[in-house]
Each structure stands twice: as structure tokens, then as C-alpha cells.
Amino acid sequence: MTFLKVSDLEVEFCVDKKKITPIEQVSFEMKKGEVLGMVGETGSGKSLTAHAIMGLSSLVGGKIRGRVQFGDKDLLSLSEREMQSIRGSQIAFIPQNPMTSLDPVYRVGDQIVEGLYKHRKISKRAAKLKALEIMEKLQIPKANHVFQQYPHQLSGGLKQRIVIAIGLCTSPQLLIADEPTTALDVTVQAQIMRLFLKMTKDKGIGLLLITHDLGVIAQVSDKIAVMYAGNIVEFGPIKTVFNTPHHPYTKALLNCIPTIGMKKGTLDAIYGNVPTVGNYPPGCRYQPRCPDRFAPCGTIVPKMTKLAEDTRVACHKYNGSKD
């Protein structure tokens, strides 16, 4: 059963008296116990989409439009006070940069249990035991000692795991993780991914995983959403999209993955850069970089076309456009 459904999500900011919309027509859905991987180059709008789902964009002057159905609630229709009771409790967010997301003047243990005090009726002893349990699951050595330390006393990898512990501590229904394994080595990264998988399958937690690492996405995701310049250009089951990608951008991303034994100089690269907000090209936003572009691409915005039960793509090659 779908428990998160995002429909026509749009975020608008006013910069120098000019309106810009870095996120437009973003739609996807998730089921309980499902892992949805969201991928795309830097500047594609992945993090901003996550912020909009949690209503955070409005706190910095953004206007959020569309619909975010979470269970029986439309999150965009709730007041800020109502959203505060959901953030950190039913929906948890693991931010991208642990260096700036941890408060330097509080011990990390106090920051982990803060959410428990706010959202759960729990004693100090029970909160600490819950925090230590999560820390040990995250392979944090000498958890009781680390619990008493300040962020500046920890390595980047330990800070990352503390931020993950903060997100997991309240046992949320939906976990949004923005590059959660960036500062971790490959071994610890695999341990964290296994923990995420166990949580989603055993407890029915939904995981929206934002990352540049297509290898991680391939290992843990059930579905994938490929973003480019504020739009989702392809959405579908992970095996379907990886084995038979349809959008030229998805194909280009997959061709950029190095493989064992490949010859020197054969690794592909995507021509050009993601366009900046406010400078999106007309028609398909990928068309200046696309080797398959044809007449409609430069003038008409492609609609999301359903190819199969769970597979959709926004490309003129699949919506009936002709040369």
C-alpha cells in the first residue's frame, strides 16, 4: 500500500525580485518497507525535493506547491506546528553534511536523545539505553565513551554515524537519507546499508535514499528516481531501469560507471553541465547535452509517459513525438 505519494511538487523562490522554480512537476510514490533511490548529478534538485517533502523549504522563504500525501495527511496543508510533531518522529531526515548539522556546544549523546525527549514519553535512562543500542548497531566503538564527547572530538566518519543515529533513534515510519555514507569507508558503508535494509524489511520503514553512488543504489533500492535539472526524468523498479534504461540521461549515468577490466580511456563522460536554476533551456532540459535530441526536444517539454506498470520516462522518443 502506498504511504507516501508526491504529486506535481514545485518549489519557488524569489531571488533579486525574480521568481525561480528549481523543482517542478516532481511526482513519485513509495510503499511501506520500500527503498527508493534518488540519483542525479549535483544541482539536479534531489536535496531540495527532500527538504520540500518535510516542509523545510518554506522556512527559508520558499513556496511549496503540489501535494505530499503521507498516510492520511497532506503534509503541505499542515501548519508549521503540526509539521513539527511529524518531523523527527514519523519522518526523520539524515542531512548531507555532519560537520555542520551537529551542534558544537552539546555532547553528541544529548543530541541523539533530544528527539526521544521531544516525541516519546521516555525516561533519561531509557533514552540513553536506546541511544547506545542504536550506536552499537552502527558499529560505533566504545559507544558509552563517544556518547559523552563533543562533535569536535570525533572523526568525520564517527560524526556521520552520530547523525544517522539521530535519525534512527525515534524509529520513524519514513527515513530520508541525503548522502548518508559520504564520509564512511567502504566497509562501514556496507554495514550501514545492511542496517538500513534490515530496518525497512523488518519494521516496514520506508527509506528515501539520495546519493550519487549508483553502486549503493543497485545494492539496496527497490525503485529508482532519476532527477535532472529539477525534474524526474525516469522512474521504475531498479532492475528494470538498470537493465533497460530508456531516458538518454539514465543511459549516460550508467555508462559513467567504471567496471573491472575496462581499457584505459574507454570510460564515458557526459558532455556539458547541469544548467543552473533560472537558466533552464526551453523544451527538454537535457536536450543541450543529449546525443539523441530531435525537433521537439528544443521547444516542447516532454510529458512523463507510462511504459509499464511501475515504469515512467519523460522523453519525446516514448510519447509519440515525431522527427
Side-chain angles (χ1 to χ4, degrees), residues 1-14 19-40 44-95 172-178 200 204-210 221-237 247 277 280 285 301-315 319:
M1 189 176 90
T2 300
F3 87 120
L4 176 70
K5 186 174 183 180
V6 178
S7 306
D8 298 322
L9 185 66
E10 181 177 300
V11 180
E12 180 186 282
F13 290 98
C14 187
K19 291 182 179 179
I20 59 171
T21 51
I23 298 295
E24 287 186 279
Q25 299 179 340
V26 169
S27 300
F28 63 88
E29 61 281 335
M30 288 180 63
K31 297 177 182 178
K32 284 190 174 182
E34 190 171 72
V35 181
L36 172 62
M38 187 170 283
V39 300
S44 294
K46 306 182 298 298
S47 297
L48 190 53
T49 298
H51 294 166
I53 290 171
M54 298 192 70
L56 296 174
S57 300
S58 59
L59 300 181
V60 291
K63 291 183 179 179
I64 311 172
R65 289 186 281 267
R67 187 176 179 86
V68 178
Q69 192 74 26
F70 179 64
D72 59 352
K73 301 182 182 73
D74 178 10
L75 299 184
L76 300 188
S77 68
L78 301 182
S79 67
E80 176 55 26
R81 185 167 184 173
E82 290 172 318
M83 277 303 299
Q84 285 180 4
S85 68
I86 292 176
R87 288 192 209 110
S89 174
Q90 297 176 51
I91 303 177
F93 180 63
I94 298 174
Q173 296 176 41
L174 172 65
L175 181 64
I176 301 176
D178 190 356
T200 56
I205 293 174
L207 173 62
L208 175 56
L209 178 62
I210 299 170
S221 297
D222 300 298
K223 293 180 180 176
I224 182 173
V226 182
M227 285 201 75
Y228 184 81
N231 296 149
I232 290 181
V233 297
E234 188 159 0
F235 179 90
H247 198 279
V277 179
Y280 292 145
R285 294 177 179 178
V301 177
K303 295 180 180 179
M304 188 65 83
T305 303
K306 187 175 181 179
L307 300 180
E309 183 62 30
D310 291 328
T311 306
R312 304 190 297 272
V313 64
C315 182
N319 63 11

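With sequence neighbours excluded, the residues satisfying side chain to side chain contact (heavy atoms under 4.5 Å, CB included) with Lys5 are Thr2, Ser7, Glu29, Gln69. Every residue meeting the side chain to side chain contact (heavy atoms under 4.5 Å, CB included) condition with Thr305, not counting sequence neighbours, appears here in chain and number order: Leu307, Asn319. Every residue meeting the side-chain hydrogen bond (donor to acceptor under 3.5 Å, both in side chains) condition with Asp74, not counting sequence neighbours, appears here in chain and number order: Arg67. Under the side chain to side chain contact (heavy atoms under 4.5 Å, CB included) criterion, Gln25 pairs with no residue at all, not counting sequence neighbours. Evaluation of the side-chain hydrogen bond (donor to acceptor under 3.5 Å, both in side chains) rule for Ser57 yields no partner, not counting sequence neighbours. Partners of Lys46 by salt bridge (Lys or Arg N to Asp or Glu O under 4.0 Å), not counting sequence neighbours: none found. For Val277, the side chain to side chain contact (heavy atoms under 4.5 Å, CB included) partners are Ile20, Pro22, Tyr280, not counting sequence neighbours. Annotation: ring pair (Phe, Tyr, Trp, His ring centres under 6.0 Å) contacts of Phe70 (sequence neighbours excluded): Phe3. Taking Glu10 as the reference, Arg65 meet the side-chain hydrogen bond (donor to acceptor under 3.5 Å, both in side chains) condition, with sequence neighbours excluded. In this structure, the ring pair (Phe, Tyr, Trp, His ring centres under 6.0 Å) partners of Phe93, at least two apart in sequence or on a different chain, are His51. By the side-chain hydrogen bond (donor to acceptor under 3.5 Å, both in side chains) test, Ser27 is found to be paired with no residue, residues two or more places apart in sequence or in another chain being considered.
Separation of atoms CG (Leu75) and CD1 (Ile91) is listed at 5.0 Å; rounding is to 0.5 Å. Atom NZ of residue Lys223 and atom CG of residue Leu36 lie 8.0 Å apart, to the nearest 0.5 angstrom. One distance of note links CD1 of Ile176 with CG of Leu207; it measures 9.5 Å at 0.5 Å rounding. Between the CG atom in Leu9 and the CG atom in Leu76 there is a gap of 6.5 Å [rounded to 0.5 Å]. To the nearest 0.5 Å, atoms NZ (Lys63) and SG (Cys14) are separated by 8.0 Å. Separation of atoms CZ (Phe235) and CE (Met227) is listed at 12.5 Å; rounding is to 0.5 Å.
With contacts defined as side-chain heavy-atom distances shorter than 4.5 Å, the pair Val226/His247 does not qualify. Residues Thr49 and Val6 form no side-chain contact, since every pair of their non-hydrogen atoms from C-beta on lies 4.5 Å or further apart. Proximity of Asp178 to Pro95: side-chain heavy atoms (C-beta onward) are nowhere separated by under 4.5 Å. Lys31 has its side chain out of reach of Asp222: every pair of non-hydrogen atoms, C-beta onward, lies at least 4.5 Å apart. Two residues are said to be in side-chain contact when any heavy atoms from C-beta on lie closer than 4.5 Å; Leu4 and Phe28 meet this criterion. Ile64 has its side chain out of reach of Ile23: every pair of non-hydrogen atoms, C-beta onward, lies at least 4.5 Å apart. Taking 4.5 Å as the limit, some side-chain heavy atom of Leu56 sits within range of a side-chain heavy atom of Arg87.
Contact between Cys315 and Pro302 at its shortest, heavy atoms only, is N-CB, 3.9 Å. In this structure, Ala225 and Ile232 approach most closely via the heavy-atom pair CB-CD1, 4.1 Å. Nearest heavy atoms, Glu12 versus Lys19: OE2-CD, 3.5 Å. Taking each heavy atom of Thr311 and Pro237 in turn, the nearest pair found is OG1-CD, 3.5 Å. Nearest approach of Met30 to Leu208, heavy atoms of both residues: CE-N, 4.0 Å. Closest of all the heavy-atom pairs between Gly40 and Ser44 is C-OG, 3.7 Å.
Residue pairs meeting the side-chain hydrogen bond (donor to acceptor under 3.5 Å, both in side chains) criterion with at least one member in residues 225-235, sequence neighbours excluded, are Tyr228-Arg289, Glu234-Thr250.
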